[in-house]
Amino acid sequence: MQSNLMFLAAWSAIAGALIPVLAANNGALGRAWGAPFHSTLAVVGLSFVTVSIVLAVARPPAPEMDAIRAAPLIAYCGGLIMAFYALSATFVPPQFGVGNFVMCVVVAQLVMATVIDQFGLFGAPVYQVDLKRAAGLVLLGVGAVLVAVK
């Protein structure tokens with residue numbers, strides 16, 4: 001069990017470390033093309049192809065149609081959210097800076113994650129916000145202001 005947690009933590013850390021790389025690369029592609037929305041489509045298209053290849057190789061069982069129908073409609077908004085993030089990561093960093101963009105993303109992610117945990121939104125388990133966690137969010141906000149590139 002502990003090794004599984006370490007694996008998941010490492011996977012999560014790698015995914016997190018790649019977010020600024022994604023923002024820098026998307027911004028560079030958008031600048032190179034002079035068309036950030038078109039370059040975002042290329043990036044998302046490559047993502048689709050990559051996931052398709054992983055599915056073809058791994059061959060996990062497909063979900064049952066009943067499961068697809070039973071999923072709450074809001075759960076399908078992930079594609080819209082991912083498109084918004086991809087567009088944002090392409091359009092914003094060249095104008096705002098990769099560091100500023102990622103800093104705002106991380107602060108907003110942790111605040112929203114805390115709200116989701118507090119109220120168990122979207123079917124997530126409830127984790128009450130305690131004083132320590134609230135203080136951490138305040139310190140995160142202060143740190144973000146100090147790190148902001150002007």
Side-chain angles (χ1 to χ4, degrees), residues 4-5 7-129 133-134 136-145 147-149:
N4 189 40
L5 290 178
F7 172 76
L8 294 174
W11 184 314
S12 299
I14 292 167
L18 289 174
I19 287 175
V21 175
L22 172 74
N25 284 340
N26 283 10
L29 187 62
R31 277 192 315 276
W33 284 16
F37 299 125
H38 291 84
S39 62
T40 299
L41 181 61
V43 170
V44 172
L46 181 57
S47 177
F48 175 81
V49 169
T50 302
V51 172
S52 297
I53 291 169
V54 170
L55 282 172
V57 170
R59 297 177 142 325
E64 298 290 328
M65 190 53 73
D66 288 342
I68 293 171
R69 284 189 200 107
L73 194 55
I74 191 84
Y76 291 99
C77 289
L80 298 173
I81 294 167
M82 192 164 66
F84 178 77
Y85 181 81
L87 285 165
S88 300
T90 303
F91 182 73
V92 174
Q95 300 174 65
F96 191 51
V98 172
N100 286 338
F101 173 74
V102 172
M103 173 199 54
C104 290
V105 166
V106 169
V107 171
Q109 283 176 336
L110 289 170
V111 169
M112 183 57 74
T114 302
V115 170
I116 290 169
D117 284 351
Q118 173 69 27
F119 299 107
L121 301 177
F122 313 110
V126 173
Y127 293 99
Q128 296 293 320
V129 177
R133 195 167 182 191
L137 287 173
V138 169
L139 290 172
L140 176 71
V142 169
V145 169
V147 170
V149 178

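Note: hydrogens, waters and symmetry copies are ignored here, and every other heavy atom, side chains too, is used. What you see is a predicted model, and the numbers here were worked out from it, not measured in a lab.
Atom CD1 of Ile19 and atom CZ of Phe101 lie 8.5 Å apart (nearest 0.5 Å). We find the CG-OG distance between Asn25 and Ser39 to be 11.0 Å, quoted to the nearest 0.5 Å. We find the CG-CG distance between Leu110 and Leu140 to be 5.5 Å, quoted to the nearest 0.5 Å.
Taking the six-membered ring where the residue is Trp, Phe91 and Phe37 present parallel rings, their angle staying beneath 30° rather than reaching 60°.
When every heavy atom of Tyr127 is checked against every heavy atom of Arg133, the shortest pair comes out as O-NH1, 3.8 Å. Shown here for Ala23 and Val98, the closest heavy-atom pair between the two residues is CB-CG1, 4.4 Å. Nearest heavy atoms, Ala144 versus Met103: O-SD, 2.7 Å. Minimum interatomic distance between Ala89 and Asn26 (heavy atoms only, all atoms of both residues): O-CB, 3.5 Å. Here the shortest heavy-atom pairing between Gln118 and Val129 reads OE1-N, 2.6 Å.
Residue pairs satisfying the salt bridge (charged side-chain N to carboxylate O under 4.0 Å, His left out) criterion with at least one member in residues 68-95, sequence neighbours excluded, are listed as follows: Asp66-Arg69.
At a threshold of 4.5 Å between non-hydrogen side-chain atoms, the residues Pro60 and Leu55 count as touching. Side-chain contact check for Cys77 versus Ile74: some heavy-atom pair is nearer than 4.5 Å.
Ile53 pairs by the side chain to side chain contact (heavy atoms under 4.5 Å, CB included) definition with Val49, Val57, not counting sequence neighbours.
The neighbour count for Gln95 CD, taken as heavy atoms of other residues, nucleotides or ligands under 6.0 Å away, is above 12. Shown here is Tyr76, whose OH atom has more than 12 heavy atoms of other residues, nucleotides or ligands within 6.0 Å.
Donor-acceptor pairing under 3.5 Å is recorded for the side chains of Thr90 and Thr40.
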